[in-house]
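Down below is the structure, laid out as structure tokens.
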Amino acid sequence: MIDLYFAATPNGWKATIMLEECGLPYRVVPVNIGAGEQFAPDFLAISPNNRIPAIVDSAPADGGEPISVFESGAILLYLAQKSGRFLPADPRGRIAATEWLMWQMGGLGPMLGQNGHFRLYAPEPIPYAVDRYAREADRLYGVLDRQLARTGAYVAGAAYTIADIACFPWIITHKAQGIDMARFPHVARWFAKLRERPGVKAGTAVGRMARPEEISADTKRTLMGIGR
Ligand SMILES: N[C@@H](CCC(=O)N[C@@H](CS)C(=O)NCC(=O)O)C(=O)O
């Protein structure tokens, strides 16, 4: 059994989509990040960066002690290795999936995170920051669009991989990010196809992301230091 420490956010949904796609049994352990549960010592022992998602696999392949994994990209790699799914075995396919997983982890996720922050949550508008991250979000959508035009299928090539699973939940937020999908037809085609996958539907049905206006002042203080 795998325990998944989870909140309903794009990074959390990477893990639920992967677990659903692989058909691995898991138990959701909700972490109320708005209330600061990510700072509890028990959780920090599993996830020292005080972020969800994290997993604890009590039946690892080597039959040894439970293994805990934090960082959504590492979780995807771990589950791909455990299940033998969504990470190609051939070296070219494997490195392509790894490259695009790293691109998502180091670029798409963090930059869209900042774009969302300055568009939706900043207590006062900071035009320089809004413009900078809007341009970066636009650039990254362009990179993804060209890649999907090139492959004609999935992010890392002809096969659906953990690179798709890493990118998809962030693209769900395109409206809130101010992205006009009509400008990125290959992303739109890929997004429409993925959202029909049963594993993606089941994974994104876990929990529900609060809309910005539903996020309380306490949560903003805990998560973003706003009003501290
Ligand atoms: N690089 C990390 C980022 C995880 C992350 O930012 N998680 C957010 C929710 S999407 C979180 O736990 N935030 C809690 C906090 O900011 O204290 C990963 O991909 O796992």
Side-chain angles (χ1 to χ4, degrees), residues 2-19 26 28-57 67-81 86-87 97-123 133 136-137 140 144 155 161-174 176-177 203-212 214-228:
I2 292 172
D3 283 337
L4 167 65
Y5 292 78
F6 173 85
T9 70
N11 289 316
W13 282 324
K14 292 179 197 170
T16 51
I17 292 172
M18 182 65 175
L19 288 159
Y26 67 101
V28 173
V29 183
V31 180
N32 186 340
I33 57 175
E37 289 179 7
Q38 69 274 35
F39 300 106
D42 286 0
F43 181 68
L44 290 175
I46 297 165
S47 186
N49 194 37
N50 62 266
R51 297 281 193 272
I52 66 89
I55 60 168
V56 178
D57 181 2
I67 292 180
S68 67
V69 189
F70 73 101
E71 282 293 323
S72 58
I75 292 170
L76 292 176
L77 284 167
Y78 179 83
L79 295 175
Q81 278 157 20
F86 308 120
L87 184 60
T98 308
E99 280 177 318
W100 285 96
L101 174 66
M102 297 299 157
W103 175 80
Q104 191 289 318
M105 290 296 295
L108 188 73
M111 292 302 116
L112 294 186
Q114 295 304 315
N115 186 45
H117 179 87
F118 286 106
R119 278 178 65 80
L120 302 171
Y121 304 117
Y133 290 110
E136 188 59 1
L140 290 160
L144 185 57
V155 171
T161 69
I162 51 175
D164 298 284
I165 295 173
C167 292
F168 179 84
W170 278 98
I171 304 302
I172 294 175
T173 68
H174 63 271
Q177 299 278 348
T204 51
V206 181
R208 188 183 71 87
M209 188 161 50
R211 290 199 305 274
E214 292 173 330
I215 294 180
S216 71
D218 276 356
T219 295
K220 284 187 180 164
R221 239 188 321 276
T222 306
L223 274 181
M224 304 159 200
I226 293 173
R228 210 175 263 156

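Just so it is clear, the values below take in all heavy atoms, side chains as well, and ignore hydrogens, waters and symmetry mates. Please read these numbers as outputs of a predicted model, since none were measured by experiment. First listed ligand is number 1; within each ligand, the first listed atom is number 1.
Tested against Tyr26 for a side-chain contact (heavy atoms from CB on, under 4.5 Å), the candidates Ile55, Leu79, Leu19 yield a single pass: Leu19.
The two residues Ala54 and Phe43 make their nearest non-hydrogen contact at CB-CE1, 4.3 Å. Taking each heavy atom of Gly203 and Thr16 in turn, the nearest pair found is O-OG1, 2.8 Å. Counting all heavy atoms, side chain and backbone alike, Ile75 lies closest to Pro53 at CD1-O, 3.5 Å.
For ligand 1, the 4.0 Å heavy-atom shell contains residues Thr9, Asn11, Ile33, Gln38, Phe39, Asn50, Arg51, Ile52, Pro53, Glu71, Ser72, Met105, Leu223.
Looking only at distances, no side-chain donor or acceptor of Glu37 sits under 3.5 Å from a matching main-chain atom of Val31. Distance alone, capped at 3.5 Å, is enough to place a donor-acceptor pair between the Gln177 side chain and the Leu112 backbone.
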